[in-house]
Colleague: 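Below: one structure in structure tokens.
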Amino acid sequence: MAGQPKAPFYIAIALVIAGLVAFAVWRDRFAPKPPPVPAGGGPAAKDAAKDAAQPAPAGGEAAGAEAPDAAGVTTLKEYKFKPAERLPEVKGISAYKALENDTLRFALNVWAGWGPIILANEGFKAGKAWKAPGGKDFKVELILIDNPVAMRDAYAAGEVHIGWGTLDMVPLFLEGFVDATGKPRDSRVMPRVYQQVDWSNGGDGIVVREAVKTVSDLRGKQVVLAQNSPSHYFALNVLIAGGVQPSEVTWRYTDDAFQAAAAFNSEKGISAAVSWAPDIYSLEKVKGNRMLVTTATANKLIADVWFARADFAKDHPGIIEGLVRGIFDAMEDMKDPAKKQRCAKLMSEGYNIPETDTMNMFGDAHNTNWAENYQFFLNANNPTNFERVWRQAYYLYKRIGSIRHQPVPFDQVMDFTYIDKLGKEPKYASQKDEYEVSLAPKTVGEIRGESEEILTNTVVIHFFPNSWDLYKKVTKKVGDKDVEEHYDPNVDAVIEGVGRLVGQFGLSRVIIEGHTDSSMRGQVSPSLVKELAMNRASSVKEGIVKKFNLSPNQLAVEGIGWDRPADPTDPLNHAKNRRVEVKVYSAEKE
């Protein structure tokens with residue numbers, strides 16, 4: 001037939017097909033593969049799919065300069081030790097008040113976060129029978145002790161078996177329990193922290209005068225708060241993050257947070273008050289005042305926990321486990337509107353405040369389920385975990401002289417025995433972290449146009465000239481040997497600090513600005529310098545996201561270059577100008 005293909009045509013087609021098949025087999029078995037997309041969909045899956053579809057950003061000094069990282073992104077690193085191996089041995093005869101009718105005494109304060117245990121106990125009185133493993137019954141009497149010093153004394157005397165506090169307060173309690181070296185004076189009294197009940201979620205805040213726009217504006221001003229309280233810890237964190245030293249403000253102390261709010265309202269010379277809801281929101285509405293920041297933005301800063309005396313925990317492990325289980329189960333129960341309303345009524349009766357107020361209080365705290373407790377106690381890479389909160393509390397309180405003893409290691413008080421045990425049961429292991437914030441990506445201009453800056457944190461990373469590689473290595477001569485070492489050995493500490501800040505301000509937008517010195521002004525194009533600054537800011541962002549598995553959408557980058565010297569009066573201070581600035585903006589209203 002005219003026009004019919006000849007035999008060589010079919011041979012060519014066959015060779016092409018064979019080649020395509022061979023290429024497909026080679027690609028499947030040997031070619032580099034993109035990272036797997038996490039199961040279950042959601043932001044993590046979308047981010048992974050986006051990364052797989054686009055070429056990886058160039059790092060270091062040129063594309064392909066770094067070898068592939070077979071380990072991938074580190075998202076989870078469990079503590080491997082067993083709590084029993086680290087916790088101090090309990091010596092002596094137990095010294096707490098004996099349980100009458102199998103009833104333990106659990107101290108708490110007026111706070112929304114205790115809703116689950118109040119619901120689980122059906123009120124404050126010892127009535128409902130709780131179950132310990134094995135079926136043994138016990139009862140719980142909830143004792144309202146709002147003053148933390150009074151609570152600490154009752155706990156130390158054995159009048160209550162369980163104490164309340166924010167985790168940052170526990171090192172302050174230890175000042176009276178340990179000697180100067182950090183060793184227990186009486187091992188029976190040492191606290192064992194078993195469970196986080198909540199994160200403060202708007203219940204704490206800093207109200208300022210209208211002229212105070214950012215944290216740096218508080219230099220030289222008066223700040224009123226309750227000393228050695230969660231308000232104090234909140235203020236110290238925010239000041240340090242904003243580059244303001246505690247000695248640069250004038251502190252005014254009151255007995256409690258409510259009196260701090262009253263003092264701010266009556267004395268116009270006070271520029272800021274650190275207090276609690278509802279007072280902070282009432283003050284915000286007064287003309288001439290504004291809210292600087294609340295724990296709705298710094299939503300992983302203040303963690304409420306309960307702790308048991310070591311002698312009681314040793315004698316009654318079943319009761320401790322029963323409490324942990326019962327509180328977690330009540331957190332799930334409170335998702336039922338009817339049970340939440342019931343909890344508000346029980347809180348109203350116990351706190352002696354109107355039920356409408358207790359219902360409104362629920363928004364001030366986010367109760368932390370098993371999955372969130374797992375992240376807090378067991379994930380060593382969580383930027384806001386137990387260990388990091390503990391170390392930060394010691395760092396801040398020792399700086400201002402509130403703590404004189406040597407820090408007690410976190411694993412001498414943290415006991416994740418029951419969090420770990422419950423994780424082997426599907427009922428708890430199936431729970432998800434419900435406090436993750438999903439933010440859509442935004443440009444630097446959008447962030448600045450939609451919200452006001454809260455603080456600027458300045459960090460210094462010494463980059464190798466013309467490089468943006470965080471872990472650049474150089475060879476130095478040591479004696480007669482060539483030794484390879486990191487150009488800046490402090491990079492990990494800087495990334496740790498910035499990552500903790502970003503994690504603490506979980507509902508915020510963060511802009512990372514790259515700045516350079518002006519040593520080459522007039523010799524190179526300003527655009528080239530800005531590009532280098534952008535690459536350096538991007539490398540810091542990538543370092544934080546990789547180490548802590550934070551959402552990249554929370555962070556935006558900008559290359560400033562040499563346009564904004566750190567000190568305008570000393571623009572040629574090149575070492576000071578080679579820096580990164582981390583700016584925090586609220587994302588609460590998005």
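Because only heavy atoms are used, hydrogens play no part in the values below, and waters and symmetry mates are left out as well, while side chains stay in.
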Colleague: Name the orientation class of the two ring planes belonging to Phe328 and Tyr428 (parallel below 30°, tilted from 30 to 60°, perpendicular beyond 60°).
Modeller: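 Aromatic pair Phe328/Tyr428 classed tilted.
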Colleague: In terms of side-chain heavy atoms, does Trp111 have a donor or acceptor partner in Asp304 at a distance below 3.5 Å?
Modeller: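 Judged by distance alone, the side chains do pair up.
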Colleague: Distance alone, cut at 3.5 Å: any donor-acceptor contact between the side chains of Thr103 and Asn101?
Modeller: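 Short answer, no.
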Colleague: Would a distance-only check, ignoring hydrogens and angles, find a side-chain to backbone donor-acceptor pair under 3.5 Å from Asn299 to Ser200?
Modeller: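 Between the backbone of Ser200 and the side chain of Asn299 there is no qualifying donor-acceptor contact (under 3.5 Å).
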Colleague: Under 6.0 Å from the CG atom of Asp146, do we count more than 12 heavy atoms belonging to anything else shown?
Modeller: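 Counting neighbours around CG of Asp146, more than 12 heavy atoms of other residues, nucleotides or ligands fall under 6.0 Å, so yes.
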Colleague: Can you confirm whether Lys335 is buried at NZ, in the sense that more than 12 heavy atoms of other residues, nucleotides or ligands lie under 6.0 Å from that atom?
Modeller: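 Yes, enclosed.
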Colleague: Does the side chain of Ile327 come within less than 4.5 Å of Trp306's, by heavy atoms?
Modeller: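 SC-SC contact between Trp306 and Ile327 confirmed.
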Colleague: Ignoring hydrogens and angles, state whether a donor on the side chain of Thr297 or Ser586 is under 3.5 Å from an acceptor on the partner side chain.
Modeller: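 Distance-only check passes for Thr297 and Ser586.
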Colleague: Without swapping roles, check the side chain of Trp164 against the backbone of Ile145 for a donor-acceptor pair under 3.5 Å.
Modeller: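 Flag set: sc Trp164 to bb Ile145 pair under 3.5 Å.
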Colleague: Of all the heavy-atom pairs spanning Cys343 and Gly115, show the shortest one and how long it is.
Modeller: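 Heavy atoms only, the tightest pair is SG-O, 3.2 Å.
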Colleague: Does the ring centre of Tyr194 sit less than 6.0 Å away from the ring centre of Tyr418?
Modeller: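 Centroid distance Tyr418-Tyr194: below 6.0 Å, so yes.
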Colleague: Please check: side-chain N/O of Arg188 versus main-chain N/O of Tyr96, any donor-acceptor pairing under 3.5 Å?
Modeller: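 No: the side chain of Arg188 does not pair with the backbone of Tyr96.
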Colleague: Just by distance, do the side chain of Gln554 and the backbone of Ser551 share a donor-acceptor pair under 3.5 Å?
Modeller: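 Judged by distance alone, no pair lies under 3.5 Å.
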Colleague: Going by heavy atoms in the side chains, are Val305 and Val197 under 4.5 Å from each other?
Modeller: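 No, every pair of side-chain atoms sits at 4.5 Å or beyond.
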Colleague: Counting only heavy atoms from other residues, nucleotides and ligands, does the tally under 6.0 Å from CD of Glu434 exceed 12?
Modeller: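 Above 12, so yes.
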Colleague: Looking at Arg342 and Asp336, does any basic side-chain N land under 4.0 Å from a carboxylate oxygen?
Modeller: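 No salt bridge links Arg342 with Asp336.
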Colleague: How close do Phe234 and Thr294 get, counting heavy atoms only, and between which atoms?
Modeller: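 Looking at all heavy atoms of both residues, the shortest contact is CZ-C, 4.0 Å.
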Colleague: If the threshold is 4.0 Å, N to carboxylate O, is there a salt bridge linking Glu425 and Arg325?
Modeller: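 Looking at Glu425 and Arg325, the cut-off is met.
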Colleague: Apply side-chain contact (heavy atoms from CB on, under 4.5 Å) to Thr214 and Leu292, showing your working.
Modeller: CA-CA 7 Å; Thr214 69; Leu292 180 62; 5.5 Å; no
Colleague: Is a donor from one side chain sitting under 3.5 angstrom from an acceptor on the other, for Asp256 and Trp276?
Modeller: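 No, because no side-chain N or O of Asp256 sits under 3.5 Å from a partner of the opposite role on Trp276.
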Colleague: Is it true that Tyr351 and Asp357 share a donor-acceptor pair across their side chains at a distance under 3.5 Å?
Modeller: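 Not at all, the side chains of Asp357 and Tyr351 share no donor-acceptor pair under 3.5 Å.
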Colleague: Keeping Ser451 on the side-chain end and Ile447 on the backbone end, is there a donor-acceptor pair under 3.5 Å?
Modeller: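 Side chain of Ser451 to backbone of Ile447, a donor-acceptor pair under 3.5 Å: yes, one is there.
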Colleague: Evaluate Tyr79 against Glu387 for side-chain hydrogen bond (donor to acceptor under 3.5 Å, both in side chains), listing each step before the verdict.
Modeller: CA-CA 11 Å; Tyr79 292 111; Glu387 179 182 3; 2.5 Å; yes
Colleague: Any chance the side chains of Glu372 and His366 put a donor and an acceptor closer than 3.5 Å?
Modeller: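 The answer is yes; a qualifying pair exists.
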Colleague: Does a salt bridge link Glu450 with Arg509, judged by any charged N lying under 4.0 Å from a carboxylate O?
Modeller: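 Answer for the salt bridge query: no.
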Colleague: When you check the side-chain N and O atoms of Tyr374 and Asp433, is any donor under 3.5 Å from an acceptor?
Modeller: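 No, no side-chain donor-acceptor pair sits under 3.5 Å.
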Colleague: Determine, stepwise, if the pair Val498 / Val502 fulfils side-chain contact (heavy atoms from CB on, under 4.5 Å).
Modeller: CA-CA 6 Å; Val498 177; Val502 175; 4.3 Å; yes
Colleague: Can you find a pair of side-chain heavy atoms, one from Met334 and one from Pro116, that are under 4.5 Å apart?
Modeller: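 Met334 reaches Pro116 side chain to side chain.
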Colleague: With side chains defined as the heavy atoms from C-beta onward, is the minimum distance between Lys541 and Pro552 less than 4.5 Å?
Modeller: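 Sidechains of Pro552 and Lys541: in contact.
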Colleague: Would you say the side chain of Met359 lies within less than 4.5 Å of the side chain of Gln341, judging by non-hydrogen atoms?
Modeller: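 Result yes, sub-4.5 Å side-chain heavy-atom pair found.
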Colleague: With distance as the sole criterion, is a donor-acceptor pair present between the side chains of Thr417 and Asp415 under 3.5 Å?
Modeller: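 Result is yes, a qualifying pair exists.
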Colleague: To the nearest 0.5 Å, tell me how far His161 NE2 sits from Asp311 CG.
Modeller: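 Answer rounded to 0.5 Å: 9.0 Å.
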Colleague: Before we go on, tell me: are the rings of Trp199 and Phe376 under 6.0 Å apart, centre to centre?
Modeller: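 Distance test on ring centres: under 6.0 Å, yes.
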Colleague: A cation-pi test, strictly: NZ or CZ of Arg86 under 6.0 Å from the centre of the six-membered ring of Phe81 and no more than 45 degrees from its axis. Yes or no?
Modeller: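 Ring-cation test returns yes.
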Colleague: Taking it one step at a time, do Asp329 and Lys427 satisfy salt bridge (Lys or Arg N to Asp or Glu O under 4.0 Å)?
Modeller: CA-CA 10 Å; Asp329 292 347; Lys427 175 181 180 179; 3.2 Å; yes
Colleague: May I ask you to check whether over 12 heavy atoms, not counting those of Glu355, lie within 6.0 Å of atom CD?
Modeller: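 Yes, the 6.0 Å shell around CD holds more than 12 heavy atoms from other groups.
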Colleague: Under 3.5 Å, is there a donor-acceptor pair linking the side chains of Asn385 and Trp390?
Modeller: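 Side chains of Asn385 and Trp390: no pair found under 3.5 Å.
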Colleague: Using the side chain to side chain contact (heavy atoms under 4.5 Å, CB included) rule, pick out the option among Asn237, Thr384, Leu455 that qualifies with Phe505.
Modeller: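 It is Leu455, the one option of Asn237, Thr384, Leu455 that forms the side chain to side chain contact (heavy atoms under 4.5 Å, CB included) with Phe505.
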Colleague: Between Gln196 (side chain) and Asp198 (backbone), is there a donor-acceptor pair under 3.5 Å?
Modeller: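 Yes, the answer is positive, given that a donor and an acceptor are paired below the 3.5 Å cut-off.
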Colleague: In Å and rounded to the nearest 0.5 Å, what is the CG to CG distance from Asp204 to Leu225?
Modeller: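 Answer rounded to 0.5 Å: 11.5 Å.
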Colleague: Pick from Lys125, Arg105, Lys128: which one makes a salt bridge (charged side-chain N to carboxylate O under 4.0 Å, His left out) with Glu141?
Modeller: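 In the set Lys125, Arg105, Lys128, the residue that makes a salt bridge (charged side-chain N to carboxylate O under 4.0 Å, His left out) with Glu141 is Arg105.
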Colleague: Where is the tightest heavy-atom contact between Ala112 and Met347, given as atom of each residue plus distance?
Modeller: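 Minimum heavy-atom separation between Ala112 and Met347: CA-CE, 4.0 Å.
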Colleague: Under 3.5 Å, side chain of Ser508 to main-chain N/O of Ala587, donor-acceptor pair present?
Modeller: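 Judged by distance alone, no pair lies under 3.5 Å.
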Colleague: Salt bridge check: are Glu453 and Arg448 linked by an N-O gap of less than 4.0 Å?
Modeller: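 No, no charged N to carboxylate O under 4.0 Å.
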Colleague: Given 3.5 Å as the limit, does a donor-acceptor pair link the side chain of Gln195 with the main chain of Val324, or not?
Modeller: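 Yes, the answer is positive, given that a donor and an acceptor are paired below the 3.5 Å cut-off.
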Colleague: Closer than 3.5 angstrom, by distance alone: can the side chain of Asn457 be matched with the main-chain N or O of Val582 as a donor-acceptor pair?
Modeller: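 Here the side-chain-to-backbone pair does not exist.
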Colleague: With ring centroids as reference points, do Phe410 and Tyr394 lie under 6.0 angstrom apart?
Modeller: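 When the ring centroids of Phe410 and Tyr394 are compared, they turn out to be at least 6.0 Å apart.
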Colleague: For a salt bridge (Lys or Arg N to Asp or Glu O under 4.0 Å) check, start with the C-alpha distance between Lys421 and Glu321, then their side-chain angles and the critical distance, and finish with the verdict.
Modeller: CA-CA 9 Å; Lys421 180 178 180 180; Glu321 182 175 340; 2.9 Å; yes
Colleague: Between the main-chain N or O of Gly202 and the side-chain N or O of Thr295, is there a donor-acceptor pair closer than 3.5 Å?
Modeller: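 Such a contact is found between Thr295 side chain and Gly202 backbone.
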Colleague: For a quick check under 3.5 Å, do Asn228 and Ser402 share a side-chain donor-acceptor pair by atom type?
Modeller: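 Yes.
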